[in-house]
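Here's the structure we're looking at; comments come further down.
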Amino acid sequence: MLPALRRCWAAVRPGPFPAAVLVPARGRKTRHDPPAKSKAERVKVPPPVDPAELLVVQERYRQYYSIVRALRSVFRVEAAQKKRERLNNAREESEIDEVLLAWNDAENERQRRRREERIRGEEEELKKQKLQGAINQAKLMEDFMKEKEKEVLQLQEEAQTFITPENLDERIEQCLDNPQNYNFAIDKEQRIVRRTALS
Amino acid sequence: MPMKGRFPIRRTLQYLQQGEVEFKSAVRVMTVNYNRHGPLSEGARQFVFFTVPQLQFRNPRVQIVMFKNFTPSPFLRFYLGDGKQVLVDIEDKTNKEITEHIKKLFGKSTETLEREKQMKNDVLHPATFGPKKYHLRKCVCEIEGQVPCPGKVPLPKEMTGKYKATTASE
């Protein structure tokens, strides 16, 4: 702030080069404004250069740039190699091996055969069970028939002693002639006594 | 309550990270057909219950779909990126056998996995600056021979911005 203030007063105070102390107002003139009359004969000269220093500096820069260029190319090659490797790896791991697919098909085939065998075994088992069931059923029927036959024969034998209207009188005579005494007594020692006389 | 479900260990990060199978990028969809009952589907049921969460965790980009009681025998079907379909019969196989099978068929090899892990840790470009996770260096002040960090060692007065501004104005 203070230097700025000092500058303001410098224009008023008589100084050795007042114009030189004036702050150049950059941007006061646009590019379309003509240059000042005082600058009409101005010839722009490049800044002075010491040739020896220039040579030395140029030589140094030349060496520096060549080294940097070499390094850059080495790094570029390295980076490209890494990128190519990464791409290759990505391609490798994304590919599905045909050999493995064939192996998978073989495994599926094996499973299929196992399954078919199992199903066949189960069917045979079922058939056997059905057959066994039929045999059992037939045996049961046979036994039943035999039982029934036996009963029928027994009944036929017993039928000979049945009382029919034809031999009714005969049987009544028989019963009257042979009275049966069904009376008996039993004690706690299971002794049976038949003393009651039939009257 | 913190625990949910029958085997809450399946929900832990440690369990999920222990999944071994990482599919190749060609695999897009995996379909599992299995049955709720029956001794032949037992392995498939165990696979769905214990291994599928690990698979999905390791392969978030793969769609895994389950179909229950659709077919008499259990199987897996993989749909690849080029439209191919691969069938894997898993009837009468145990959980472990199924996992080994699909690992051999579609899993990335251990070398590939290690290489990918290493590449993830590798810095992509050695010349860039930024967070240590993605770059070698945070700032140029870390390099020997460069101007040290002004936060640690104050810059000489002549190099500070405010000195330069004052001298320019004078």
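Labels below follow one simple rule: chain letters A, B, ... track the order of the sequence lines, proteins then strands, and each chain is numbered from 1.
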>> Does any backbone or side-chain atom of Phe23(B) lie under 4.5 Å from a heavy atom of chain A? Answer side chain, backbone, both or neither.
In response: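 Interface part for Phe23(B): neither.
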
> Checking Ser73(B) against chain A: side chain, backbone, both or neither under 4.5 Å from a heavy atom?
Replying inline: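 Contact with chain A: side chain only.
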
> His101(B) versus Asn104(A): any side-chain heavy-atom pair under 4.5 Å?
Replying inline: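 Contact flag for His101(B)/Asn104(A) side chains = yes.
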
>> With heavy-atom distances below 4.5 Å as the criterion, would you say the side chains of Arg118(A) and Asp92(B) are in contact?
In response: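 Sidechains of Asp92(B) and Arg118(A): in contact.
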
Should we say atom [atom1] of [X] is surrounded by more than 12 heavy atoms from elsewhere, each under 6.0 Å from it?
X         : atom1 : result
Arg72(A)  : CZ    : no
Glu20(B)  : CD    : no
Gln14(B)  : CD    : no
Arg10(B)  : CZ    : yes
Glu170(A) : CD    : no
Glu189(A) : CD    : yes
Phe144(A) : CZ    : no
Ile9(B)   : CD1   : no

>> I need the Leu105(B) CG to Asp97(A) CG distance, nearest 0.5 Å.
In response: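 If I round to the nearest 0.5 Å, the distance is 9.5 Å.
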
> Between the main-chain N or O of Glu91(B) and the side-chain N or O of Gln111(A), is there a donor-acceptor pair closer than 3.5 Å?
Replying inline: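 It does hold such a pair.
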
> With distance as the sole test, does Asn108(A) use its side chain to make a donor-acceptor pair with the main-chain N or O of Leu87(B) at under 3.5 Å?
Replying inline: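 Pair found, side chain donor or acceptor close to backbone of Leu87(B).
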
Is [Y] paired with [X] through a side-chain N to carboxylate O contact shorter than 4.0 Å?
X         : Y         : result
Arg115(B) : Glu85(A)  : no
Lys104(B) : Glu107(A) : no
Lys84(B)  : Glu98(A)  : yes
Arg112(A) : Asp89(B)  : no

> Which one, Thr112(B), Val88(B), Val86(B), Leu80(B), leads in non-hydrogen pairs under 4.5 Å with chain A?
Replying inline: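 Between Thr112(B), Val88(B), Val86(B), Leu80(B), the count favours Val88(B).
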
